[in-house]
4 protein chains.
Amino acid sequence: MQDSRKHILLMDGPDNKGLIYHVTGILFRHNLNIIHNDEYVSPSGQFFMRTEFEGDFDNDALLAELKTTLPDPGITFRLNPKRKKNIVVLVTKEHHCLGELLIRYAFDELDATILAVVSNYNSLQPLVSKFGIPFHYVSHEGKTREEHEEAILRTLSIYEPEYLVLAKYMRVLTPNFVNQFPNRIINIHHSFLPAFIGANPYRQAYERGVKIIGATAHFVNNDLDEGPIIAQDVTEVNHRHTASDMATEGKDVEKIVLSQALKLVFNDRVFISGNRAIVL
Amino acid sequence: MQDSRKHILLMDGPDNKGLIYHVTGILFRHNLNIIHNDEYVSPSGQFFMRTEFEGDFDNDALLAELKTTLPDPGITFRLNPKRKKNIVVLVTKEHHCLGELLIRYAFDELDATILAVVSNYNSLQPLVSKFGIPFHYVSHEGKTREEHEEAILRTLSIYEPEYLVLAKYMRVLTPNFVNQFPNRIINIHHSFLPAFIGANPYRQAYERGVKIIGATAHFVNNDLDEGPIIAQDVTEVNHRHTASDMATEGKDVEKIVLSQALKLVFNDRVFISGNRAIVL
Amino acid sequence: MQDSRKHILLMDGPDNKGLIYHVTGILFRHNLNIIHNDEYVSPSGQFFMRTEFEGDFDNDALLAELKTTLPDPGITFRLNPKRKKNIVVLVTKEHHCLGELLIRYAFDELDATILAVVSNYNSLQPLVSKFGIPFHYVSHEGKTREEHEEAILRTLSIYEPEYLVLAKYMRVLTPNFVNQFPNRIINIHHSFLPAFIGANPYRQAYERGVKIIGATAHFVNNDLDEGPIIAQDVTEVNHRHTASDMATEGKDVEKIVLSQALKLVFNDRVFISGNRAIVL
Amino acid sequence: MQDSRKHILLMDGPDNKGLIYHVTGILFRHNLNIIHNDEYVSPSGQFFMRTEFEGDFDNDALLAELKTTLPDPGITFRLNPKRKKNIVVLVTKEHHCLGELLIRYAFDELDATILAVVSNYNSLQPLVSKFGIPFHYVSHEGKTREEHEEAILRTLSIYEPEYLVLAKYMRVLTPNFVNQFPNRIINIHHSFLPAFIGANPYRQAYERGVKIIGATAHFVNNDLDEGPIIAQDVTEVNHRHTASDMATEGKDVEKIVLSQALKLVFNDRVFISGNRAIVL
């Protein structure tokens with residue numbers, strides 16, 4: 001996906017007449033070619049636009065012209081080159097999401113570079129080491145939650161990742177930790193949120209007798225399982241599925257949903273608006 | 001579906017060796033032909049079997065022989081001829097589920113006879129009258145909840161329905177009402193339960209930013225939106241769907257899920273086990 | 001959906017720098033407010049844009065300015081007020097798609113006015129008459145295909161419909177007939193095209209042992225079952241489904257897919273590009 | 001899944017009264033406990049039954065008693081211990097299905113032992129070697145189809161696999177090869193068969209403008225892409241997907257469908273009846 005001539009302009013702010021016209025006009029005058037353009041106006045009047053374009057230009061000059069032409073301080077512009085993101089993956093004991101990410105990464109399909117894998121258990125080290133990626137075992141045993149998070153943060157500071165991917169990391173993160181990565185932590189939850197928040201969702205699903213189970217990839221904020229939803233998918237079950245069978249079926253959904261969500265985020269296609277994710 | 005020679009035997013009780021053998025042996029000796037047989041044993045050791053068979057036999061003698069051969073008092077046998085069920089449909093103002101049932105009924109696809117439609121509004125009377133079915137307008141205005149339910153019960157007493165179908169009936173029923181129709185009230189809820197219990201689920205879904213919405217057909221018990229789930233289905237949405245758009249999309253799911261659930265119930269395919277529906 | 005101040009501008013032509021800029025600029029200068037804008041550039045370099053906007057303007061003047069600003073003769077502009085379309089529905093004997101359209105129409109959910117229903121059998125007349133819509137029984141008995149189509153065309157000439165909806169009309173139309181309604185005939189085919197083209201798709205599906213069946217709504221052109229696909233959906237089946245069971249399950253998919261496709265077409269959201277439908 | 005006391009009895013033959021009764025009676029008298037029992041009678045009167053049971057017994061004596069009690073020569077009995085199957089995987093260049101199988105195998109989730117991977121290219125050797133599984137590069141270059149297949153057969157003869165899994169093996173197999181593994185070769189085809197048989201199905205799908213793409217796992221017989229279908233699944237696409245985008249999306253479907261199909265086959269849940277797979 002790396003291409004030095006391709007960029008993505010992300011804009012959001014209060015809706016107003018002429019926004020598309022003004023932005024596309026500036027790109028036109030800089031002789032830049034729009035490849036994809038997508039807009040959305042929320043019911044409350046917030047305007048979002050993602051413009052993927054191609055060509056040679058001066059980054060600072062372009063941003064300056066955008067801000068001069070649309071001086072509303074409520075408008076945010078972000079101008080990103082199209083490139084891979086740097087990530088660290090956090091896991092506990094389950095391998096299915098991690099395995100999916102490793103295989104994709106090994107074949108350059110992840111739109112990201114996995115800098116390292118961090119886990120509070122060491123059982124997935126053999127899998128990670130097959131792919132030549134650093135594995136950090138940071139046990140939570142004998143540590144307070146704060147001490148454990150401090151240890152993880154020290155490890156992360158080596159890599160300075162742009163995103164943290166919780167690929168079945170089964171510990172709740174404190175607000176202090178989350179606040180250091182605002183809108184930069186992506187989690188896969190093993191239920192169709194907001195159904196079955198919290199622990200043992202497949203057990204809950206079995207007991208409730210649902211006919212469909214699912215998985216949810218979402219940004220992590222300070223309320224457990226409550227951050228903006230990026231992607232969801234489901235699969236059918238029936239009364240013959242035990243909670244354990246549901247978990248087995250659900251894993252296939254979890255790993256695909258996580259991969260799809262990461263692709264959207266790493267391609268700069270996701271805006272966050274309150275507790276909702278706008279995917280353009 | 002009416003066929004005087006076809007019957008359905010429903011059996012449930014504690015699992016034990018030889019249950020299938022003993023029951024199928026009795027049918028074999030009565031020269032009855034099994035068309036479909038389906039069994040399920042729950043993780044807690046409860047055995048469920050649905051046997052659809054064909055032939056001539058003495059109903060009482062067959063049941064007596066079953067009970068003699070399998071004298072465990074925990075075992076329940078039900079022997080139903082294959083025939084349409086008699087139902088009354090309750091609605092409020094929305095037409096989509098009712099319209100679906102009326103069209104199916106008009107073309108003999110419902111596996112049931114709609115004896116009457118009861119509503120707390122009169123706005124759907126014109127639709128119902130097109131199909132020549134009695135419509136009872138039982139307003140809740142100026143009545144307590146108990147008085148209103150009494151009025152409905154008086155109307156129902158004319159028809160003695162086997163099942164009540166809540167086809168978007170938007171009032172909560174009291175335990176007193178529900179208890180008069182144990183496992184005989186089927187509701188369609190406009191969310192993928194247990195997500196978005198209660199009022200305005202599409203509004204809740206919009207605010208939570210989900211990427212999939214759904215509908216749930218379930219038996220009604222005394223806990224709102226908590227009875228055994230018979231059928232569920234979902235459809236994809238995105239950030240562009242307002243709560244109102246979700247409601248529009250959701251209606252197509254609701255009416256199909258309700259129809260599917262009714263087909264299962266009316267064909268004697270649903271066992272209730274605690275809060276779970278076993279569909280054989 | 002009627003709103004005299006809302007319009008939809010449909011534009012397509014060879015891609016070029018500045019197209020979005022020029023069009024949105026003209027709307028901006030006319031003080032028109034863009035509600036939705038969506039564009040697509042095909043791999044072969046064709047540009048498509050649908051712009052929904054609101055405000056008061058002179059129709060001819062706006063179109064003239066668009067053509068003056070973008071004089072490329074390969075560019076097509078269409079400017080439609082947002083309003084219901086006038087349609088005639090053609091059916092044979094099956095009721096499920098027709099019933100769906102009638103119920104939606106009765107409750108103003110179709111985005112269209114059903115001017116009449118035409119059938120080569122009279123069995124659906126009672127259903128149609130419930131809804132107060134003219135029903136024309138045009139039998140094909142004793143007529144050549146050409147004579148039958150002539151009779152239908154005479155009936156259609158009374159109504160001058162903008163679109164013909166084949167809601168399970170089971171006769172093949174001749175090129176002569178199709179050519180009189182270019183891109184204005186929408187059919188629902190009871191398979192997941194291009195699988196099972198032609199007669200008895202559910203029989204074919206049963207014999208092939210597929211695990212999923214579907215339905216396809218498409219524009220009709222001169223090659224049977226080959227026109228641009230507007231919408232498709234599927235449902236799961238298994239070895240227990242006979243061809244007849246598949247037909248029963250499939251009907252629910254057919255009617256919903258047809259309704260979804262009609263909604264897209266009647267809201268001016270579908271461009272035709274060769275044999276592909278672009279849905280914006 | 002290995003458990004020396006669990007067995008699976010597979011029976012098929014002409015339907016007749018008392019079949020379930022007689023078989024379950026024999027198991028009852030041998031003091032064996034039925035865990036799951038599932039039957040199916042085809043429209044043409046063929047009876048299929050899969051009985052999973054637990055207990056200690058003499059294999060030959062049980063089979064002899066079954067054949068004595070039900071002497072119809074048209075009836076086939078197979079009695080399998082519940083155990084992992086031995087397989088060889090054939091691939092060409094694409095890694096996604098192979099990667100999926102390797103990860104599952106590494107974590108004991110495949111219900112099979114991968115004895116070796118064979119490929120006509122060597123590009124996947126590094127991936128396979130990470131998992132410590134023999135990789136055989138058997139190039140087709142400079143060989144006739146028959147010579148190439150002879151070379152593969154020589155490699156296979158080392159391992160004597162029970163099943164061959166074609167995990168995106170892109171060469172057509174000759175009848176001579178296929179006949180050596182009757183109902184023992186499983187292929188994943190990258191379309192929703194029978195749509196888009198043959199080469200480049202995603203290119204065909206793009207050109208036809210379909211709104212849904214899929215994948216099909218099936219047994220291989222002598223007609224290309226025509227063997228009994230075991231499992232299928234689909235995913236939605238739209239006009240924005242190029243053929244290449246469809247291929248990318250489709251890969252996620254392919255690998256999951258293949259895994260699901262293998263699980264069914266390796267658990268002795270699939271009967272073949274003509275060109276249809278019966279999954280019990």
Side-chain angles (χ1 to χ4, degrees), chain A residues 5-6 9 11 13-57 62 65-66 69-70 211-213 233-238 240-241 249 269 278-280, chain C residues 5-6 9 11 13-57 62 65-66 69-70 211-213 233-238 240-241 249 269 278-280:
Chain A
R5 301 186 70 249
K6 288 190 181 164
L9 175 67
M11 166 184 175
D15 191 24
N16 213 332
K17 275 181 198 171
L19 293 179
I20 304 173
Y21 161 64
H22 288 306
V23 173
T24 56
I26 291 168
L27 297 178
F28 178 65
R29 285 189 295 273
H30 281 75
N31 205 29
L32 298 167
N33 192 37
I34 294 175
I35 303 167
H36 293 300
N37 196 65
D38 209 357
E39 319 89 26
Y40 167 67
V41 181
S42 75
S44 63
Q46 190 77 357
F47 176 88
F48 301 87
M49 186 160 77
R50 178 187 187 274
T51 308
E52 191 172 334
F53 63 91
E54 195 171 21
D56 299 310
F57 66 100
L62 188 71
E65 189 170 343
L66 286 164
T69 308
L70 295 167
K211 303 302 185 190
I212 293 177
I213 56 171
D233 202 4
V234 295
T235 192
E236 294 185 15
V237 293
N238 60 44
R240 294 191 190 276
H241 288 80
E249 297 278 327
R269 293 189 52 195
I278 314 295
V279 180
L280 294 185
Chain C
R5 299 186 72 248
K6 287 190 181 163
L9 176 67
M11 168 184 172
D15 190 24
N16 213 332
K17 276 183 196 169
L19 293 180
I20 304 174
Y21 161 64
H22 288 305
V23 173
T24 57
I26 291 168
L27 297 178
F28 178 64
R29 287 189 294 271
H30 280 76
N31 205 30
L32 298 167
N33 192 37
I34 294 175
I35 303 167
H36 293 300
N37 196 65
D38 209 357
E39 317 90 26
Y40 168 66
V41 180
S42 75
S44 62
Q46 190 77 356
F47 176 86
F48 300 87
M49 185 160 77
R50 179 188 185 273
T51 308
E52 192 173 331
F53 63 91
E54 197 172 19
D56 299 308
F57 65 100
L62 188 72
E65 189 170 342
L66 287 164
T69 309
L70 297 166
K211 302 303 184 189
I212 292 177
I213 56 170
D233 202 3
V234 295
T235 193
E236 292 185 16
V237 293
N238 60 44
R240 293 190 192 274
H241 288 80
E249 298 277 328
R269 295 188 51 195
I278 313 296
V279 180
L280 294 185

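Basis for what follows: all heavy atoms, side chains included, without hydrogens, waters or symmetry-related copies. Just so we're on the same page: letters track the sequence lines, and every chain starts at 1.
Rounding to the nearest 0.5 angstrom, the gap separating the CD1 atom in A:Ile212 from the CG atom in A:Asp233 is 10.5 Å. Interatomic distance, NZ of C:Lys211 versus OG1 of C:Thr235, reported as 14.0 Å (0.5 Å rounding). Note that CG of C:Leu66 is 5.5 Å distant from CG of C:Leu9, once rounded to the nearest 0.5 Å. Annotation: the span from A:Asn37 atom CG to C:Asp38 atom CG amounts to 9.5 Å, rounded to 0.5 Å.
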Decide side chain to side chain contact (heavy atoms under 4.5 Å, CB included) for C:Arg29 and C:Glu65; before the verdict, give the C-alpha distance in whole Å, the side-chain angles of both, and the deciding distance to 0.1 Å.
CA-CA 11 Å; C:Arg29 287 189 294 271; C:Glu65 189 170 342; 4.1 Å; yes
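Using a 4.5 Å cut-off between heavy atoms, A:Leu27 makes no contact with chain C at all. Both the backbone and the side chain of C:Asn31 come within less than 4.5 Å of a heavy atom in chain A.
Judged by distance alone, the side chain of C:Arg269 and the main-chain N or O of C:Leu280 form a donor-acceptor pair under 3.5 Å. For the pair C:His241 (side chain) and C:Val237 (backbone), a donor-acceptor distance under 3.5 Å is absent.
The contact list for residues 17-25 of chain C toward chain A, using heavy atoms and a distance under 4.5 Å, reads C:Lys17, C:Gly18, C:Ile20, C:Tyr21, C:His22, C:Thr24, C:Gly25 by residue number. Scanning residues 39-50 of chain A against chain C with a 4.5 Å non-hydrogen threshold yields A:Glu39, sorted by number.
When side chains are defined from C-beta on, C:Ile35 does not count as touching C:Thr51, because their heavy atoms never get closer than 4.5 Å. For the pair A:Phe53/A:Asn33, no side-chain contact is recorded, criterion being any heavy-atom separation below 4.5 Å from C-beta on. A:Glu54 has its side chain out of reach of A:Ile34: every pair of non-hydrogen atoms, C-beta onward, lies at least 4.5 Å apart.
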